[in-house]
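Beneath this line is the structure, given in structure tokens, with notes to follow.
Note: hydrogens, waters and symmetry copies are ignored here, and every other heavy atom, side chains too, is used. Owing to the predicted nature of the structure, the values given are computational and were not obtained by experimental measurement. Atoms within each ligand, like the ligands themselves, are counted from 1 in listed order.
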Amino acid sequence: MDKQEFPQDFMWGGAVAAHQLEGAYQAGGKGLSIADVMTLGSHGVPRKITDGVVDGEYYPNHNGIDFYHRYKEDIKLFAEMGFKCFRTSIAWTRVFPNGDEAEPNEAGLQFYDDLFDECLKYDIQPVVTLSHFEMPYHLVQQYGGWRDRKLIDFFTNFATVCFKRYQHKVKYWMTFNEINNQTNYEDGGSAYTDSGLLFKPGEDKEKGMYQAAHYELVASAKAVQIGHQINPDFEIGSMIAMCPIYPLTSKPADILFAQRAMQTRLWFSDVHANGFYPQWLLNHFDRKQFNLDMTTEDMAILKAGKVDYIGFSYYMSFAVQDTGKLEYHENQDRVANPYVEASEWGWQVDPIGLRYALNWFTDRYHLPLFIVENGLGAIDEKTADNQIHDDYRINYLHDHILQMKKAVLEDGVQLLGYTPWGCIDLVAASTGQMSKRYGFIYVDVDDYGQGTGNRYRKDSFYWYRDMIATNGAEIN
Ligand code: P53
């Protein structure tokens, strides 16, 4: 690996999502999103989902880091690090405040025009997710979220408006962020953030999740087709949370169970990339007598709207052991892996798993890949002279980039780029905390939104800047 670089056109950058940093939750006619009714939680304490905005509760996403007003300053800092691209999402509720309107909200569209122009000014390519845990709350109240087939039209309408409007500014798109997180539907939170599902007492949650996911996959495939008609140069990808699931031992039953766990977590990208459902899952639906609403027309749409690349997040790996039945329940079946260490939030840090994931996706789909999230959420201390010595973050990124480099240069994986998560500190998705920080840029805001909001360069800022400047040659 000595002194070898990444390919010249490799897209180094950083990633965020609108609802986690923009704040300004009612500015320019924005409607309430599902994130706007989630309170603050912490490790082990889930965020509450309230019935609308309730007086006396604290909602971290309402203010975020006020990126809505400060984005010029932040993009300038990204440019200083040498970003080639910047992944963000379009808040659906800025463009369609309720989600079911016929006409979009001009002020919302204009905000993203200005934001993308600001990126392009520095030759930073915007990479855009259409739906990142921030669907209109109205669609949850009125339609039960993605339970309702009508959501397909609402989403494709939103996608069409965005594709047309930004077709000369954005080339790389993703449809649904981490669409497969709802595999963990039993905990409630992921099915809500992915699909706007609030389960009713006695409801078959598993069936509800699969129905919602099916409509989303149809909507995604339709969007891919529409996007390619609007601009054939578009690259439209999936976005999958890749947590490889290892067998804890070499016992055959453990291996078989780990395989089923992987299938259960990753059938979503099978549909995205192959254009059809895996047979084991169709058999599962039959056995459970789900009788899902899946039409032959839907199946044709899936086939005609295959993704161009696989975008994925990578933070951690899981491990499992045979449970005596071949059905994976994510919230209860995971076991600790004694060979990897966990972060303060219990995420099992595993750099080699990233190389494994890159090879796994390549073998399975033969498509280009894009690592659109990776990073370490940690508590950072700002010193009296405004320094942040985050060597733990530098080590995490170094170790992951090294595995990525081996996958690209030794294994020949086709990787488009790398956008570490939360390149500027922002509100954590799982806990709503500001104190779970990922950034190269420290933002002086605490869990309750208090602080100056000032931005400071961490040690990792300079490290990442130099790494980009040398195109990874020093990562060995
Ligand atoms: P936070 C679970 C597992 C893996 C990634 O997460 C996940 C989640 C849900 O939290 O989410 C992604 O902020 C997601 C981002 C999120 C980031 O990972 O909980 O796409 O929105 O912020 C990190 O530490």
>> Can you report which non-hydrogen protein atom sits closest to atom 7 (C) of ligand 1, along with the distance?
In response: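 Here the closest protein heavy atom is E178 OE1, 3.1 Å.
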> Which protein heavy atom lies closest to atom 19 (O) of ligand 1, and at what distance to 0.1 Å?
Replying inline: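 So the nearest neighbour among protein heavy atoms is S430 OG, 2.5 Å.
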Part of [X] with heavy atoms under 4.0 Å of ligand 1, whether side chain, backbone, both or neither:
X: A429; answer: both
X: Y438; answer: side chain
X: A17; answer: neither

>> Looking only at distances, can you tell me whether any N or O atom of W421, backbone or side chain, sits closer than 3.5 Å to an N or O atom of ligand 1?
In response: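 For ligand 1, there is an N or O atom that lies under 3.5 Å from one belonging to W421.
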> For S313, is at least one N or O under 3.5 Å away from an N or O on ligand 1?
Replying inline: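 In this structure, S313 places no N or O atom under 3.5 Å from an N or O of ligand 1.
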With a cut-off of 4.0 Å, which atoms of ligand 1 are near a heavy atom of [X]?
X: N181; value: 2 (C), 7 (C), 8 (C), 9 (C)
X: A428; value: 13 (O)
X: N177; value: 14 (C), 20 (O)
X: Y315; value: 5 (C), 17 (C), 18 (O), 23 (C)
X: K436; value: 1 (P), 19 (O), 24 (O)

> If we ignore angles and hydrogens, is there a donor and acceptor under 3.5 Å between the side chains of Y365 and D270?
Replying inline: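 D270 and Y365 do have a side-chain donor-acceptor pair below 3.5 Å.
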>> Is it true that Y418 and N374 share a donor-acceptor pair across their side chains at a distance under 3.5 Å?
In response: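 Yes, because at least one side-chain N or O of N374 sits under 3.5 Å from a partner of the opposite role on Y418.
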> Can a cation-pi geometry be assigned to R265 and Y328, taking NZ or CZ under 6.0 Å from the six-membered ring centre and within 45° of the ring axis?
Replying inline: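 Ring-cation test returns no.
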>> For the residue pair R94 and F111, would you count it as a cation-pi contact if the rule is NZ or CZ under 6.0 angstrom from the ring centre and within 45 degrees of the ring axis?
In response: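 Yes, R94 lies over the aromatic ring of F111.
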Residue pair [X] / [Y]: nearest heavy atoms and the distance that separates them:
X: V16; Y: C423; value: CG1-SG, 4.0 Å
X: M81; Y: I468; value: O-CD1, 3.3 Å
X: H132; Y: R87; value: ND1-NH2, 3.5 Å

>> Please report whether the ring centroid of F176 lies less than 6.0 Å from that of F268.
In response: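 No, ring centres 6.0 Å or more apart.
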> Nearest heavy atom to atom 3 (C) of ligand 1: which of Q20, M316, H19 does it belong to?
Replying inline: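 Shortest heavy-atom distance from atom 3 (C) of ligand 1: M316.
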>> Contact between ligand 1 and W347 is defined here as a heavy atom of the residue under 4.0 Å from a ligand atom; is it met?
In response: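 So W347 counts as touching ligand 1.
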> Looking at S238, S220, S131, which hits side chain to side chain donor-acceptor pair (under 3.5 Å) with T175?
Replying inline: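 For T175, the side chain to side chain donor-acceptor pair (under 3.5 Å) check succeeds only for S220.
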